[in-house]
Amino acid sequence: MAEMKSKKEKLLVANRSEIACRVFQACRELGISTVAVVAPGDEQARHVTYADEVVEVSSYLDPAAIVAAARSVGATLVHPGYGFLSERSVFANAVEAAGMAFVGPRGETMDLLGGKIAAKELAERIGVPTLPWAKVQLGGDLKAAALKVGFPLLLKAAAGGGGKGMRRVDRAEDLDSAAESAAAEALAAFGDGTLFLERLVDHPRHIEVQVFGDGMGGGVHLFERECTLQRRHQKIWEEARAEYLSDAVRNGLHAAALKLVCEVKYRSAGTIEFLVDDQGGFYFLEMNTRLQVEHPVTECVTGVDLVHTQIRQALNPKKAALPEVPAARGHSIEVRIYAEDPAQGFLPTPGTVERLRWPTGAWIRVESGIEEGQTIGTSFDSMLGKLVVWAENRELAIERLRVALEETVILGLGTNQAYLLALCSDPDVKAGKVHTHWLEKTFASRYQAVPSDADLALWSALRKQGLGAALDQAPASSRVGGAVSSQASPWQQIGAEGLKP
Amino acid sequence: MAEMKSKKEKLLVANRSEIACRVFQACRELGISTVAVVAPGDEQARHVTYADEVVEVSSYLDPAAIVAAARSVGATLVHPGYGFLSERSVFANAVEAAGMAFVGPRGETMDLLGGKIAAKELAERIGVPTLPWAKVQLGGDLKAAALKVGFPLLLKAAAGGGGKGMRRVDRAEDLDSAAESAAAEALAAFGDGTLFLERLVDHPRHIEVQVFGDGMGGGVHLFERECTLQRRHQKIWEEARAEYLSDAVRNGLHAAALKLVCEVKYRSAGTIEFLVDDQGGFYFLEMNTRLQVEHPVTECVTGVDLVHTQIRQALNPKKAALPEVPAARGHSIEVRIYAEDPAQGFLPTPGTVERLRWPTGAWIRVESGIEEGQTIGTSFDSMLGKLVVWAENRELAIERLRVALEETVILGLGTNQAYLLALCSDPDVKAGKVHTHWLEKTFASRYQAVPSDADLALWSALRKQGLGAALDQAPASSRVGGAVSSQASPWQQIGAEGLKP
Amino acid sequence: MSQSNGTLKISGQRVTIPEPSQGWEIECRPGGWLIAIRKNADGTTERRRLAVWSKRQSVGLILGGRLSSFEVQKTARAGMASGAPDDSDLVAQFPGKVRKLLVKAGEEVPAGQPLLQVEAMKMEFTIRAPFAGKIAKWHVTEGQQLMPGIRFLDLEAKTEKES
Amino acid sequence: MSQSNGTLKISGQRVTIPEPSQGWEIECRPGGWLIAIRKNADGTTERRRLAVWSKRQSVGLILGGRLSSFEVQKTARAGMASGAPDDSDLVAQFPGKVRKLLVKAGEEVPAGQPLLQVEAMKMEFTIRAPFAGKIAKWHVTEGQQLMPGIRFLDLEAKTEKES
């Protein structure tokens, strides 16, 4: 620790909101001064309040602007967070070229593993099991490739993520039209229309392994996480460790992850994602060459501060310091609180955080991305923060999460709080009988957005006693309520099918 | 877990504020409904907001009133918290007589260990080292007893705690007058004037061992805590585990603690306090037959939820369930935030919590006893809440605590926040070169209550720009500023000597 | 349920506000919590803790940790033709971009028919006809930036009564 | 330091408010934080984050996590005899009980002489003479309950100038 204080290190976080604040905490604990970047429209964001210095940049997605900002304040380290430029080798390389330490993997590793096809080929080469898959040559014999892979299958964008440019195909006849629209979407989203076919596992679980590499061929794993509860590939509930998983599968996943880390001489924190089917088979999906949103659950069960470990490594890369990983203990769950309405196809619900009161208590950890009074727009990701709990077992962790959610007060805009709370008491969630489509296929119909009559009657009583008197003022907006129509969301009835699966 | 849900258990907490809320969290996680009691003048307290049911009682110190309250709502369990009736056997017996489970030790154990003299005699009998001591028979040959014990010595109240009825005596001549005033003070405070003499250890450390007994002669220890940073026997900073302690002393403490637990067939959570001198000697002081304020630091390093464990045991006492205690991990520190001004002899600083914002972040745990808008008076304990941090080692834990304190916002009344923050950067604290009188003897003079000129100049600039404009209103109180007098605290210059040592 | 208490719009669903339940005493407590206490006939007391925020029509209500945010619809004034179809859903609620118009002006569409696709927050949404009718006029073009309050199109309701 | 900015009372110590430092731009940010930003000559910018609360004379200031709560003393108006000794410390600040009167009416006492013991919050405090003088009259008796604002006694300052 002492050697760190000699020359004041300065770290710029090329990210915003919650993850920027997480990295700032780690820096302040290590005596490192912090620099925030702020893009137009994000002035109110929480990370801007907390940094020691702030530099305006044109966009969080502009590598040159961010490197220039870092140089202008004499930053010695740059942490990319997740999303944005975190997996763009051009950014990592530019940071290192400017003589600053990039807190993450090398640019070349991102290129090697960023492309899903390259990553699959690498995995197969070192014996890591992958799903039956095939490249798609436009004009090539799509049907033959598809038959090799077998139906049902997924058409996937090689450069994509988050469900973009993805189409499910059950029958050979639908191949061509699906491939055409998927390629168009992928081209629009990532500037790269290349696709590949991948066998579809019916009720898969999404299990990922947290790894940390010393950049010289050495590495450790920090056990696995389960992120099966997703909606359109957007995770909202993550756990460590994965319950209901045989030791054989668990050890197989860890070994496969380490093989990859050592093969590519991976540096810093990373995550290797797998699909696990219900016959104990597991298949490599992709590697995220960055710190994940859900890293706190791994920190809770291992006691390892992943951000400290990343920063320490970046400060003296020669010293191949790998974290000492003790046996995992207990169970941890994280939920992501979003400004969105799950009962309206997860429609964004922007607004102002009029009242904010995070829960406090034993083994309740809050990663806040907002402050009271902050206006949340729609130009940036709508995650408001994360609630993370730990308990000695999964059953208690779910109860602790329920109590933490019951004590969370975010008022002034819509959030998915009630949806997350409903998950805590769902029998399938408790029994682990879920898969990556369960939220959309099963839970969507169970979730009741409208409060019970008794609750509404109580609110109605409050209203009569003048609480929230503001209610009766004349309506400012143009909408004068007319006939009762069963259809009618502000953006219409946007069910799941609003977005192609 | 399942068997608990069959018949809805109901737990009444015979306590208030922070510890009541801590127990409520544990109950809600176990599906047990909660009952709060509220004494006159405490209506605004936080625990009253959080309970499922609330019963008014004449006082938190009236056993009959509280047992009646518990029966009136059909409570099946009663948790005493700390202080108040938690170590009064009359209360524990009354609860059990009324057919309710007392979440804590049996009344008879309290009698056995509550009296300091009885506890010393028991400890000596089972070979637990104690300081040289002697009973004081009023009119008896005080001088002879004192010579046996040796100077310097402490005159202590047998029934007392918290520094009441305690006098340091360095010379035989001062014995009689000190004994007379100590006895008077003890009689007034605890209705029992019996005193005893105890050898005074010069620079002692206060180390205590957390224990849990099955009530049938079995028990476990959950390692030790260091609570050396005290002011007039009032702890403000506690750590687990105790750094700078040889394994010999550590193991000796644990073994001694377990001997006592098994001897008295101790039930539930308890703490055995020792004084440790700088030659590796340790001496039994007393046993606290209750859950301690500082229990969270032990929970953080072991992962054991002490309140769950107490409740589970009380629900099925037959099943001699002892917590599984894994190896301790990392280091945890708790600080107590009080509404008091350390620069004025820890003068109470009541007021209204105009702004409250607890810190959030990794491994930061908040046990809050207040809510924004609550008025804090002087009729109850002035602890506002506790900040607890965990980190992989002590050095990092202190840094994490510093950051958490830097992010704490409690405005509207005075607190000891700046005093605690100053402790975080004190070289003696970091090096562990402290003893139970260090705060008063050494730190008091180091602590600077007045902000730096630069900080005041900045505030002055804010003021000029109209922020906090209210400042310039006419003064409501009678005080018209006159000459500058160096003396002048609202309650005069109340240094440490305001209270006899 | 009587219309007198007005209606709410929760997650796009219209709900009639039920009769206020009786016998609640409300206590405002520190931390902005409201405690509703009701003594029941059987001597037990019911105690609910909630946090409420409201400004003009919008309400945020947290009860037992369940957040519901909704809009209170003013009860239709006596004079208004109560049957007028509600076309408030054809107005943009927040910033976004028009991706694709799916129907042409003049076309007849049934209720629920997808009209256009918009993109907000890196996600795509389909706007459907709130009622059957004819596309009178488009007010937006593909690729156009959207701000809250911009009307997409005019949709003339079909003559026969809404089902 | 000039008296013009008035004085503060922090933890019982009187402090003269220093000249306001120059060049600060203040930004009010969500969460009630105030950010003071100052561009220094060497091109670096200084950025301090604070939380402030104030009502009438009392101020709560958190700067870098250091809370200071203090009272602003109004600057003495020109007309007042500036030398009048400040006997504000002879008034109870909050509820408590008189335990023991240590001096009798009519006695001469030096500054700092213990006058009475009071008990508040299960702790005992000694009230000392803020300046040398004669005990003119006691207003409280032993065992009497105290409420903020109750004056303990009248202390007549000695004639010669305060040291």
Side-chain angles (χ1 to χ4, degrees), chain B residues 341 343-344 347-350 354-355 357 377-379 382 405-415 417-418 421 449-451 453-465 467-468 470-471 473 475-485 487-494 498-499, chain D residues 5 7 9-15 17-21 24 26 31-32 34 36 48 51-57 59-69 72-76 80 82-86 88-89 91 93-96 111-112 120-121 123-128 130-131 162:
Chain B
D341 182 352
Q344 293 191 85
L347 181 78
T349 50
E354 299 289 350
R355 283 258 315 281
R357 218 182 62 78
T378 55
S379 29
S382 68
L405 279 165
E406 281 168 5
E407 290 313 319
T408 300
V409 172
I410 304 177
L411 287 170
L413 69 172
T415 74
Q417 178 178 353
L421 191 59
V450 181
D453 266 359
D455 286 0
L456 279 178
L458 169 56
W459 169 71
S460 177
L462 283 187
R463 194 173 157 227
K464 238 179 78 188
Q465 307 203 8
L467 291 172
L471 278 184
Q473 283 161 356
S477 73
S478 63
R479 279 181 278 118
V480 172
V484 174
S485 92
Q487 297 261 9
S489 76
W491 288 68
Q492 264 308 47
Q493 197 56 34
I494 302 142
L499 262 175
Chain D
N5 303 308
T7 57
K9 207 157 86 175
I10 303 174
S11 298
Q13 295 163 44
R14 281 185 192 286
V15 174
I17 305 173
E19 283 300 313
S21 42
W24 292 106
I26 315 287
L34 294 178
R48 305 293 304 275
V52 186
W53 173 84
S54 62
K55 202 161 140 202
R56 285 193 295 283
Q57 296 311 92
V59 178
L61 170 72
I62 294 188
L63 190 53
R66 265 188 64 88
L67 167 75
S68 340
S69 31
V72 179
Q73 310 294 311
K74 278 315 293 164
T75 40
M80 285 264 295
S82 69
D86 163 32
S88 63
D89 315 316
V91 174
Q93 299 309 310
F94 38 73
M121 271 271 315
M123 280 198 289
E124 280 185 1
F125 299 96
T126 311
I127 308 299
R128 295 171 184 286
F131 46 81
E162 195 195 351

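Each chain gets a letter, A, B and so on, in the order the sequences are listed, and its residues count up from 1. Just so you know, these numbers use all the heavy atoms, side chains as well, and skip hydrogens, waters and symmetry mates.
- A 4.5 Å side-chain heavy-atom check between D/Val59 and B/Trp459 finds at least one atom pair inside the cut-off.
- Rounded to the nearest 0.5 Å, atoms CD (B/Gln417) and CZ (D/Arg66) are 10.0 Å apart.
- Interface summary for chain B: among D/Ser69, D/Gly60, D/Ser21, the most heavy-atom pairs under 4.5 angstrom belong to D/Ser21.
- Contacts of B/Leu421 with chain D are made by side-chain atoms alone, with heavy-atom separations under 4.5 Å and no backbone atom involved.
- B/Ser460 places no side-chain N or O within 3.5 Å of a backbone atom of D/Ile17 that could act as its donor or acceptor partner.
- With a 4.5 angstrom heavy-atom cutoff, B/Thr415 touches chain D via backbone and side-chain atoms both.
- Scanning both residues, D/Trp24 and B/Ala461, for their nearest heavy atoms gives CD1-CB, 4.0 Å.
- Of all the heavy atoms in B/Asp453 and D/Pro18, the pair that sits closest is O-CG, 3.8 Å.
- Residues B/Arg355 and D/Ala51 approach most closely at NH2-CB, 3.8 Å, considering heavy atoms.
- A distance of 9.0 Å separates CG in B/Leu413 from CH2 in D/Trp53, rounded to the nearest 0.5 Å.
- The heavy-atom pair separating B/Thr408 from D/Ile62 by the smallest distance is O-CD1, 3.5 Å.
- Interface remark: B/Asp455 contributes backbone and side-chain atoms alike to the contact with chain D (heavy atom separation under 4.5 Å).
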Take D/Leu67 and B/Leu411, measure what side-chain contact (heavy atoms from CB on, under 4.5 Å) needs, and give me the verdict at the end. CA-CA 8 Å; D/Leu67 167 75; B/Leu411 287 170; 3.6 Å; yes

